[in-house]
Amino acid sequence: MKPNTSAFVALALLELFAIATMINISLCNGTSCIESEREALLKLKHDLRDPSNRLASWIVDNGDCCKWGGVFCSNFTGHVLELNLQNPFSPDDNEAYQRSKLVGKINPSLLELKHLVHLDLSGNDFQGIQIPKYLASLVNLRYLNLSEANFTGMIPHQLGNLSNLQYLDLGGDYFKLHADTVSWLSGLSLLEHLYMSSVNLSKASDSLLVINSLPSLKELKLSFCELHHFPPLSSANFSSLTTLDLFGNQFRGQIPSRLGNLTSLKYLDLSGNDFNSAVPGWLSKLNDLEFLSLGGNRLQGNISSLGLENLTSIQTLDLFGNDELGGKIPTSFGRFCKLTSFCMDFIKLNQDISEILGIFSGCVAYQLESLYLSYCQIFGHLTNQLERFKRLHFLDLLNNQMDGSIPLSLGQMENLESLDLSNNKLNGTVSEIHFVNLTKLVSFSANGNSLIFKINPNWVPPFQLTVLELRSCHLGPRFPLWLQSQKKLSILDISSTRISANIPREFWNYIFRYLYLNVSGNQIYGGVPRFDSPSMRLVIGSIFDLSNNALSGSIFHLICRGKNFSKNVEFLQLSKNHFSGEIPDCWMNWPRLRMLNLGNNNFTGSLPMSIGTLSSLLSLNLRNNKLSGIIPTSFRNFSILKALDMGENELVGNIPTWIGERFSTLMILNLRSNKFHGDFPIQLCRLASLQILDVAYNSLSGTIPRCINNFSAMATTDSSDQSRKIFYASLGLNEIVEDALLVTKGFLVEYNSILNLVRSIDISKNNFSGEIPVEVTNLQGLQSLNLSHNLFTGRIPDNIGVMRSIESLDFSANQLSGQIPQSMSNLSFLDYLNLSNNNLNGEIPSSTQLQTFGASSFAGNDLCGAPLSNCTEKNILIPEDENGSGNEDDDEDGVDWLLYTSMALGFVVGFWCFIGPLLINRRWRYKYCHFLDRLGDGRFVRKCY
Ligand SMILES: *[C@@H]1O[C@H](CO)[C@@H](O)[C@H](O)[C@H]1NC(C)=O
Ligand SMILES: *[C@@H]1O[C@H](CO)[C@@H](O)[C@H](O)[C@H]1NC(C)=O
Ligand SMILES: *[C@@H]1O[C@H](CO)[C@@H](O)[C@H](O)[C@H]1NC(C)=O
Ligand SMILES: *[C@@H]1O[C@H](CO)[C@@H](O)[C@H](O)[C@H]1NC(C)=O
Ligand SMILES: *[C@@H]1O[C@H](CO)[C@@H](O)[C@H](O)[C@H]1NC(C)=O
């Protein structure tokens with residue numbers, strides 16, 4: 001904002017008076033630059049890099065510096081009054097914004113501009129320097145904007161000398177700036193606009209009292225200031241306050257009722273805090289409110305008791321995420337004739353959608369631009385009232401219980417840009433008529449409904465979508481050809497849509513542009529054709545899921561010939577198809593890959609060396625193919641691998657010792673059912689994070705090293721919680737995940753299943769010999785231990801009873817001897833036990849636990865006692881079912897779960913804000929997503945307003 005004109009005139013007159021006494025200044029020519037100021041500006045420029053050439057006019061030859069870009073002089077004195085060096089682009093246009101920054105330091109010659117009234121340096125990059133103290137000498141300043149300019153450190157209290165300031169903006173540099181006190185603000189008694197958002201003020205709380213000495217204050221923005229205590233605003237001093245933004249702090253308890261006396265407020269943002277009281281009735285006194293956001297708190301009670309009904313000036317009303325708030329939308333909201341944005345996600349409305357549309361179908365319908373009602377327990381049918389909402393851009397009804405069909409009037413919502421109906425119970429058919437006038441639609445989501453799409457294959461849609469999500473709707477059996485008209489699609493989920501067809505070649509040509517592509521769970525057949533991959537720059541990594549189809553043939557072209565496409569992909573799922581041939585050796589084209597799943601195909605040949613170049617890989621799954629040869633040494637280069645599954649192949653050689661030496665983060669190692677031979681390398685003991693070890697069905701031999709008690713992740717008894725934390729921590733998710741259910745678009749992960757993160761060891765069907773090392777009993781978090789079908793001798797460790805977490809124990813088909821240890825009766829979680837076909841003898845210890853197993857668990861020994869026959873002098877051998885196959889399937893399930901989960905979570909790490917609604921601690925998400933949005937890091941973040 002520029003100083004108002006009357007101030008300008010006053011100043012000009014003052015200067016005129018001064019000038020009258022001077023001789024050597026030409027009055028007739030108006031502006032002419034003061035030489036010393038011109039030099040100062042040139043010095044200023046000299047210290048700044050200017051990649052976008054914004055300062056092109058600042059050159060020596062161009063003598064009159066008053067005509068330079070961004071410079072404004074007094075018409076009378078020629079002194080520079082204004083310096084506007086702010087970034088001309090908004091952070092929303094991230095690329096241009098970054099490119100247009102001036103970079104460097106501020107030359108102190110700036111002080112030469114003694115008459116400066118207006119200084120704007122916002123949106124540049126001063127490379128983390130402190131705000132120069134000497135700015136405080138520019139005492140004529142009325143406007144100072146240093147926001148988002150990469151200043152760091154303490155805000156100099158000298159700024160308090162700028163007693164003419166009306167406008168001060170120090171916000172936007174996320175937590176780089178801080179202040180231990182703001183008492184210096186008392187010197188700025190003319191201040192009208194104070195913006196310090198995202199300055200860390202956690203230590204300055206007490207001094208905020210000083211704000212009361214700023215009687216002219218109109219706008220106060222202190223969002224993300226790490227404040228714990230609500231600023232002590234006294235209403236007496238703030239009659240003129242119109243804007244109060246306290247978004248994203250850490251206030252708890254009740255919203256202070258004194259806010260109710262700030263009756264001039266038009267804009268009040270208290271969102272993203274932790275207020276947890278009932279909503280105060282005093283809101284009704286703030287009749288002028290145009291913007292009210294209480295989202296992302298924990299307010300309680302009933303909407304109708306909020307006293308909102310008289311806020312007839314309201315334009316934006318946001319209560320997002322207050323999931324303890326309930327009650328129906330009152331009919332009085334129908335009088336909010338200026339309402340443009342209404343956001344109630346997660347509030348338990350429990351209301352019929354037609355009732356809600358009815359309330360808003362009067363004057364509101366003419367204005368409303370966004371309506372967010374996801375997770376609101378809304379039921380009933382969508383009705384033709386929809387067509388009244390001609391201005392609506394965003395309609396979000398995700399995760400409710402609406403049923404019935406989508407009315408044809410949808411096609412009349414001509415301004416609709418984004419519609420999300422996912423996870424309802426909608427059915428009926430959808431045709432071209434539903435979209436007839438939706439020329440502006442860019443995002444359409446209807447995942448998880450039973451809608452049947454009956455669309456003419458030759459249809460040319462009136463829109464160009466970027467997001468289309470129709471998981472589990474009925475699209476097939478043909479491939480929806482109209483998709484080919486959608487040249488801007490970047491998120492496409494047509495998984496489980498009953499498509500049974502070939503993917504058209506044309507489709508592959510555009511595959512490079514997807515951020516998220518999921519066509520899994522169909523019957524898509526055919527091969528991957530040769531496709532063109534034009535060059536294209538994507539900033540964000542992408543996810544490709546073609547799994548669970550009937551695709552066949554070689555993947556050579558996909559892996560080796562699409563560099564522009566492959567270089568950004570982070571997740572690649574080709575599992576559960578009929579792909580065959582060798583795995584191509586072009587993995588250097590996939591530098592960002594974090595998850596690679598080629599499992600359950602018919603790949604043959606040896607493992608390509610270049611997979612080892614995937615240094616960001618977290619999870620590699622090659623399970624159930626016909627791969628042969630040894631594990632290439634290049635695999636040593638995986639440094640952050642968490643899951644390695646190469647089970648059910650024909651791999652040979654020794655288990656490489658470097659798996660133990662290099663893969664320090666490994667949680668899952670599955671080499672099951674291959675042709676590995678040799679020893680169990682002692683180096684594997686270093687895998688302290690290991691939770692699942694499966695080397696069953698190989699030809700391994702030798703003894704089990706005593707050091708296996710180093711598997712410390714298996715030794716924790718604090719079963720679920722601890723391992724969950726380890727797991728999340730390993731993915732960088734620490735404190736974030738809180739709720740019991742984690743929903744991402746495309747994934748539904750039942751959280752409870754993760755709680756029981758499996759810990760298991762399966763080394764069955766090998767030739768291991770020697771005794772079972774007693775150290776195994778230190779693995780007290782272990783849930784499943786399978787040593788069956790080996791050559792183990794000696795006794796079952798006596799203290800086996802300390803393995804309290806054990807649910808499944810299989811020692812069958814070995815040569816174990818001696819008695820069953822008494823302590824085994826302490827294994828109270830045990831629900832599978834197989835000791836058959838050993839040389840055990842004596843009486844089965846009696847306990848409620850062991851006697852619940854059938855006789856087959858003990859058969860093929862020299863045992864007696866329940867469940868076998870009573871012990872007599874000569875014990876009777878009861879041969880029974882000798883199949884000691886155990887519960888292998890359970891373990892496999894565990895593995896899949898974890899992989900699945902790790903993928904979903906990995907997905908979350910990179911994309912959870914991007915793809916949105918997760919049910920992960922929604923208050924936190926609210927904060928985080930808005931934060932990201934404000935960071936302007938180029939991601940699409942759903943906003944309520
Ligand atoms: C006035 O400005 C013009 C062009 O800007 C210049 O040619 C002329 O010499 C100036 N006159 C005086 C008296 O400075
Ligand atoms: C100074 O002169 C310019 C151009 O002649 C004019 O547009 C501007 O309004 C003048 N400013 C003041 C404060 O008189
Ligand atoms: C801020 O400055 C630091 C130090 O020069 C630099 O590393 C960082 O990239 C800059 N940040 C931004 C957002 O420009
Ligand atoms: C608000 O104003 C009313 C009267 O205008 C006064 O009685 C009350 O004490 C004020 N409340 C606060 C918290 O300042
Ligand atoms: C809203 O306004 C009506 C009429 O002026 C008044 O009767 C009612 O008490 C007001 N409601 C609240 C919550 O202030």
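Quick note: residue numbers are just sequence positions, from 1. In each ligand, atom 1 is the first atom listed, and ligand 1 is the first ligand listed.
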Aromatic rings Y167 and H193: how do their planes relate, parallel, tilted or perpendicular, breaks at 30° and 60°?
tilted

Could you go through residues 123-133 and list every donor-acceptor pair under 3.5 Å that involves a side-chain atom there, pairing it with any protein atom two or more places apart or in another chain?
unit_1 : atom_1 : unit_2 : atom_2 : d
N124   : OD1    : R54    : NH1    : 3.1
N124   : OD1    : L102   : N      : 2.9
N124   : ND2    : L85    : O      : 2.9
N124   : ND2    : L121   : O      : 2.9
N124   : ND2    : S122   : O      : 3.4
D125   : OD1    : Q127   : N      : 2.8
D125   : OD1    : N150   : ND2    : 2.7

The complete set of side chain to side chain donor-acceptor pair (under 3.5 Å) pairs with one or both residues in residues 100-111, sequence neighbours excluded, reads D47-N107, Q98-K101, N107-S109

- Is a side-chain donor-acceptor pair under 3.5 Å present for S223 with S197? yes

Numbered in order shown, the ligand 3 atoms found under 4.0 Å of a heavy atom of G128 are 2 (O)

Across all chains, not counting sequence neighbours, the disulfide (SG to SG under 2.5 Å) partners of C65 are C33

Under 4.0 Å from one or more heavy atoms of Q127, ligand 3 contributes atoms 2 (O), 4 (C), 5 (O)

Sidechain N-carboxylate O distance under 4.0 Å for R298, D274
yes

- Message: If only side-chain N and O atoms count, and only distance matters, is there a donor-acceptor pair under 3.5 Å linking E226 with S202?
- Response: no

When you pair each N or O of ligand 5 with protein N or O atoms, which pairs come out under 3.5 Å?
unit_1   : atom_1 : unit_2 : atom_2 : d
ligand 5 : 2 (O)  : N310   : OD1    : 3.2
ligand 5 : 2 (O)  : N310   : ND2    : 2.3
ligand 5 : 11 (N) : N310   : ND2    : 2.9

